[in-house]
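Written out below as structure tokens is the structure these notes cover.
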2 protein chains.
Amino acid sequence: MSLVLDQAAQDLLFREARTANTFSDEPVTEEQVQAIYDLVKFGPTSMNQSPLRIVLVRSDEARQRLVPLMSEGNQKKTGSAPLVAILAADNEFHEELPELFPHFPQAKDLFGDRAGREQAAALNAALQAAYFIVGVRAAGLAAGPMTGFDFAGVQKEFLDDDHTPLMIVNIGKPGEDAWFPRSPRLAFDKAVTTV
Amino acid sequence: MSLVLDQAAQDLLFREARTANTFSDEPVTEEQVQAIYDLVKFGPTSMNQSPLRIVLVRSDEARQRLVPLMSEGNQKKTGSAPLVAILAADNEFHEELPELFPHFPQAKDLFGDRAGREQAAALNAALQAAYFIVGVRAAGLAAGPMTGFDFAGVQKEFLDDDHTPLMIVNIGKPGEDAWFPRSPRLAFDKAVTTV
């Protein structure tokens with residue numbers, strides 16, 4: 001075998017894990033979310049920028065504000081998922097660099113330009129969003145990541161001008177008929193070339 | 001324990017895994033790269049867009065073209081890593097959607113606008129780049145992802161107008177003094193809020 005990761009872990013994180021569209025009623029606990037974060041926070045980002053910020057939508061009041069901002073096909077699942085997380089990029093992440101990248105105290109000064117920061121934040125928060133999805137699966141839960149929502153509306157209702165929404169993730173144990181049949185993937189030779 | 005993933009897998013993928021700056025001479029085989037791809041291709045993307053494309057830099061000739069395009073601090077490690085992979089987003093990914101998303105034959109038509117495609121490709125290829133880094137670690141190898149390089153130059157030398165470089169990843173077994181001490185991560189309460 002060319003992989004070191006054991007088969008059960010491969011299945012849990014990638015091979016058997018699926019994007020869930022329905023969920024059971026079993027709640028997602030604060031302890032589970034903390035365990036997920038404490039695992040995936042170690043995933044690498046450029047200069048340890050770590051720009052991902054997560055808003056957990058737990059109250060009924062917040063859920064009721066969020067659901068109408070989802071596209072029609074996503075409203076029912078976001079309305080019923082045990083937990084919904086808004087993933088966003090912090091465009092002012094550079095303020096944390098003196099703490100996050102202590103061996104290079106000038107790191108913050110490289111990000112004086114907002115447009116450059118937004119670009120860096122978008123890339124690195126997306127990497128962290130993927131680590132987060134992997135982490136949800138590591139907790140034995142299913143993730144349902146979505147980009148079908150009103151981005152400006154979600155930013156206005158749940159974030160601020162410095163935080164750009166990236167995706168929204170339904171989280172929970174899969175329910176009945178939780179997923180479609182797996183779609184095909186690109187063959188290795190179509191995705192990978194060698195020079 | 002709140003995680004289902006076993007401790008050895010947690011360590012392999014996140015807790016003990018580190019960004020490597022030096023590598024041993026041990027080659028990275030084609031079988032390893034295929035095994036990595038065949039695992040992480042299952043990571044979710046929006047509508048199964050799967051826009052990540054990977055260029056493996058294996059020949060000396062290609063390596064010699066790449067190294068001068070790296071920023072100075074990255075040249076030595078990219079010059080000596082057993083394998084270097086250029087990760088890029090395919091901005092024409094929608095051409096594959098009839099194959100990749102067969103249960104919604106109109107999917108391709110949603111991406112008639114190039115600017116919209118570039119945005120979708122950038123986000124989803126970044127997710128896949130993170131899955132790829134996790135996959136490299138799943139193969140018992142260290143990844144050294146970098147964004148410090150001449151993006152226009154790499155696009156011109158190794159890609160084309162339809163493929164946007166995202167990052168370059170050195171891959172191999174870690175060498176001597178492969179990494180700095182681990183930088184701190186944001187505390188849970190600084191990264192996660194609840195509403």
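Naming convention: chains lettered A, B, ... in sequence-line order (proteins, then strands); numbering from 1 in each chain. Values below: all heavy atoms of this structure, side chains included; hydrogens, waters and symmetry mates excluded.
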How close do Ala62(A) and Val195(B) get, heavy atom to heavy atom, and via which atoms?
CB-CG2, 3.6 Å
Where on Met47(B) is there a heavy atom nearer than 4.5 Å to chain A: the side chain, the backbone, both, or neither?
neither
Kindly indicate whether the side chain of His103(A), heavy atoms from C-beta on, has any atom under 4.5 Å from the side chain of Ser183(B).
yes
Who wins among Glu99(B), Arg182(B), Arg58(B) for the most heavy-atom pairs under 4.5 Å with chain A?
Arg182(B)
Between Leu186(A) and chain B, which part of the residue has a heavy atom less than 4.5 Å away: side chain, backbone, both or neither?
both
Look at atom CD of Glu176(A) and say whether more than 12 heavy atoms of other residues, nucleotides or ligands are closer to it than 6.0 Å.
no
Take atom CG of Asp160(B) as the centre, draw a 6.0 Å sphere, and report whether it contains more than 12 heavy atoms from other residues, nucleotides or ligands.
yes
If you tally heavy-atom pairs under 4.5 Å against chain A, which of Gly148(B), Ala8(B), Ala126(B), Ala120(B) wins?
Ala126(B)
So which part of Thr193(A) gets closer than 4.5 Å to some heavy atom of chain B, the side chain, the backbone, both or neither?
both
For residues Ala129(B) and Leu127(A), report the shortest heavy-atom separation together with the two atoms involved.
CB-CD2, 4.1 Å
Short N-O contact, Arg185(B) and Glu96(A), less than 4.0 angstrom
no
Does any heavy atom of chain A fall under 4.5 Å from the side chain of Leu66(B), the backbone, both, or neither of them?
neither
Atom CD1 in Ile133(B), atom OH in Tyr131(A): separation rounded to 0.5 Å?
4.0 Å
Can you tell me if CG on Asp177(B) sees more than 12 non-hydrogen neighbours from other groups inside 6.0 Å?
no
Proximity breakdown for Arg63(A) and chain B, heavy-atom pairs closer than 4.5 Å
neither
Which atoms of Ser59(A) approach chain B - backbone, side chain, both or neither, heavy atom under 4.5 Å:
both
Checking heavy atoms, do the side chain of Leu100(B), its backbone, both or neither come under 4.5 Å from chain A?
both
So does Pro184(A) get a backbone contact from the side chain of Asn48(B), meaning a donor-acceptor N/O pair under 3.5 Å?
yes
